[in-house]
Number of protein chains: 2
Amino acid sequence: MTNIFTLDKYRFPVDHDQHYHRGFMMNEEDVAIIREISLFSSMSDEHFDQLLKLSHLKQSPPQVQIITEGDPADFLHIVLEGTVEMFSSSNDRDTTMLVLRAGSTFILAAVLKDAVYLMSARTLDDSKILMIPAGNVRKVMETDPDFARTMVTELTKNFRGVIRAFKERKLRTGLERLANYLIRMNEQTSGRGQIMLTENKRTLAALLSVTPEYLSRAFKKLGEYGVEVSGKRIHLTDLRALKRLAKPNPLIDKRDI
Amino acid sequence: MTNIFTLDKYRFPVDHDQHYHRGFMMNEEDVAIIREISLFSSMSDEHFDQLLKLSHLKQSPPQVQIITEGDPADFLHIVLEGTVEMFSSSNDRDTTMLVLRAGSTFILAAVLKDAVYLMSARTLDDSKILMIPAGNVRKVMETDPDFARTMVTELTKNFRGVIRAFKERKLRTGLERLANYLIRMNEQTSGRGQIMLTENKRTLAALLSVTPEYLSRAFKKLGEYGVEVSGKRIHLTDLRALKRLAKPNPLIDKRDI
DNA sequence: CGAGCCATTGACAGAGGTCAAGGCGTGTGG
DNA sequence: CCACACGCCTTGACCTCTGTCAATGGCTCG
């Protein structure tokens, strides 16, 4: 199938702060990849076209701030690669709200409401982010009920994700959050107790919403529950004991119900 | 204007647990009031009719549990009168997530996703709650784009409400949350520092997500910032000092941006 | 080999919960 | 009209979770 998209439609007009990120025109390969994302895969070429007009890709190294709370929501953001931390500040405190991976959209609610961002975002890894002008999203939603449904589904998913994060923060201690994280990792890799951490411990600490120091102590404490740590390699030698501590709960841990 | 609705359409078929609440048929007056809620005021009679079919009103005294997390989302709930606390439990802890007043919908996300509730709800005051079968909501959304938009707006609003609550919990201490609450109350009543608490302190504690004991101590501590308490009557004698402590932040405190 | 980042460890402090006891007000029954 | 009970709020003592600050150890990379 030939690619029907001419590249100049997807050029970003201005790259506001070149010091901190690089805005890219998309090449054919990028566009093809984006076309396949489930959010867009079922829409017509015409609407896809309309949506991506003046969209752009942002490629950022770690620790680059992408959006700032309080700014108007110009773009819908979609993480294509890497890791993005949603955080929030007030009264010179700073707290991680969520950590997002490839496939996640963020600040959809602000885009739909045409309001300001309530959270800031920064990269934690090298990341590639697709930015779609907020107006395009709203316009295509008006004319394409199917896309509107997709967006609502996405918003709903994000909503429930936030609820889950909120619950986990309020109902579990940092130690328990770590224990549950390890249990989830173990199930995903279906390994029999052998885990390789996919992120460095700083990122993991943010993900669990604790300080690196606290995380370090938590790992040590989990030694009492059969968790052996050496660098990024973790060995769970007593899953039963760990679960007794963690008390996993599908209403918090299962991401898709 | 004559009321076009015949009452028997709005009868609830089964009242599952009569011990804890009373399910009511709606009378003409109820229906008329509901018709005026902004969520429904602009829709056609036909769709309104379709929506409310088999809906019912639930009238509950304080401390009655209305929904339980993990149950399938059968009904969209709308608070018509009173106060509802959304809470969540795990591992025999129990935490307040949100407190809702008249006009709020809840568990819209679960209804749209046709999934289970992620939070439980209980009344804090005598409350009147409208329950609309989840299927009706989804059906009318399919055929009435305007209503669909209204629901999306509502979901968006709720989403941002949760983000705000989450932020407030993570970025402010209990003392600061109380201080900001008093400042907000003062602005709403536009009184010059004279506030009358609208809820008892137990409810207020839940709303601020602290224990009653903590709240009591927090009030005492606010004495240092010019807050004088006698029962439900509060006097703010040094708003400047209170604000210096509270550091109000529109991205947390303003409910409608 | 040194610079620097990351992780660990120790000492400490503060926020906020728990438990138990006591005070205050209000409504009901004698 | 008084007394008592019950619910709510307050107060004190205490403890745990978690953050902060500072020092150190280890690893990587130029």
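Here is how names work: the chains are called A, B, and so on, in the same order as the sequence lines, proteins then strands, and each is numbered from 1.
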Check: Looking at C:dC6, C:dG17, D:dC9, which one has an atom nearest to any side-chain atom of B:Lys201?
Finding: D:dC9
Next item on the list: Look at the side chain of B:Thr173 and decide which nucleotide, out of C:dG16, D:dC17, C:dT9, has an atom nearest to it.
Entry: C:dG16
Next item on the list: Answer yes or no: does a side-chain N or O of B:Tyr214 lie under 4.0 Å from OP1 or OP2 of C:dG16?
Entry: yes
Note to self: Students often get this wrong, so: under 4.0 angstrom with heavy atoms, is A:Ser209 touching a base, only sugar-phosphate, or nothing?
What the structure shows: sugar-phosphate
Notebook entry, point to check: Once you round it to whole Å, what is the distance between C1' of D:dC9 and CD1 of B:Ile234?
Noted result: 13 Å
Notebook entry, point to check: Salt-bridged, A:Lys243 to A:Asp238, with N to O below 4.0 Å?
Noted result: no
Note to self: Going by salt bridge (charged side-chain N to carboxylate O under 4.0 Å, His left out), name the pairs with one or both residues in residues 167-181 of chain B, residues two or more places apart or in two chains.
What the structure shows: A:Glu69-B:Lys167, A:Arg93-B:Glu176, B:Glu168-B:Arg172, B:Glu168-B:Arg184, B:Arg172-B:Asp253
Check: Considering only side-chain heavy atoms of A:Glu213, which listed nucleotide, D:dG19, D:dA22, D:dC9, is closest?
Finding: D:dA22
Check: Any side-chain N or O of B:Thr211 less than 4.0 Å from the OP1 or OP2 oxygen of C:dG17?
Finding: yes
Checklist line | 5'-most by nearest nucleotide on DNA chain D - A:Arg169 or B:Arg217 | finding: B:Arg217
Check: Does B:Lys220 have a side-chain nitrogen or oxygen under 4.0 Å from the phosphate oxygens OP1 or OP2 of D:dC9?
Finding: no
Margin query: I need the CG-P distance between B:Leu124 and D:dG7, as an integer number of Å.
Written below: 18 Å
Checklist line | Value in whole Å for how far the P atom of C:dG4 lies from CD of A:Gln63 | finding: 18 Å
Notebook entry, point to check: What integer distance in Å separates A:Leu215:CG from C:dT9:P?
Noted result: 12 Å
Check: Nearest to the side chain of B:Asn200 - D:dC17, D:dC9, C:dT18?
Finding: D:dC9
Notebook entry, point to check: Regarding A:Thr105 and A:Asn158, is there a side-chain donor-to-acceptor distance under 3.5 Å anywhere?
Noted result: yes
Notebook entry, point to check: In whole angstroms, how far is the C1' atom of C:dG17 from the CG atom of A:Leu171?
Noted result: 14 Å
Notebook entry, point to check: Residues two or more places apart in sequence or in another chain: which of them pass salt bridge (charged side-chain N to carboxylate O under 4.0 Å, His left out) with B:Glu213?
Noted result: none
Next item on the list: Provide, to the nearest angstrom, the distance between the CZ atom belonging to A:Arg93 and the P atom belonging to D:dT20.
Entry: 10 Å
Check: Rounding to a whole Å, what distance do you find between A:Glu199:CD and C:dA7:C1'?
Finding: 16 Å
Checklist line | Atom pair distance, as rounded to whole Å: CZ in A:Arg202 and P in D:dG19 | finding: 14 Å
Notebook entry, point to check: Can you tell which of D:dT11, D:dT18, C:dA15 lies closest to the side chain of A:Arg177?
Noted result: D:dT18
Checklist line | Heavy atoms from other residues, nucleotides or ligands near NZ of B:Lys201 exceed 12 (cutoff 6.0 Å) | finding: yes
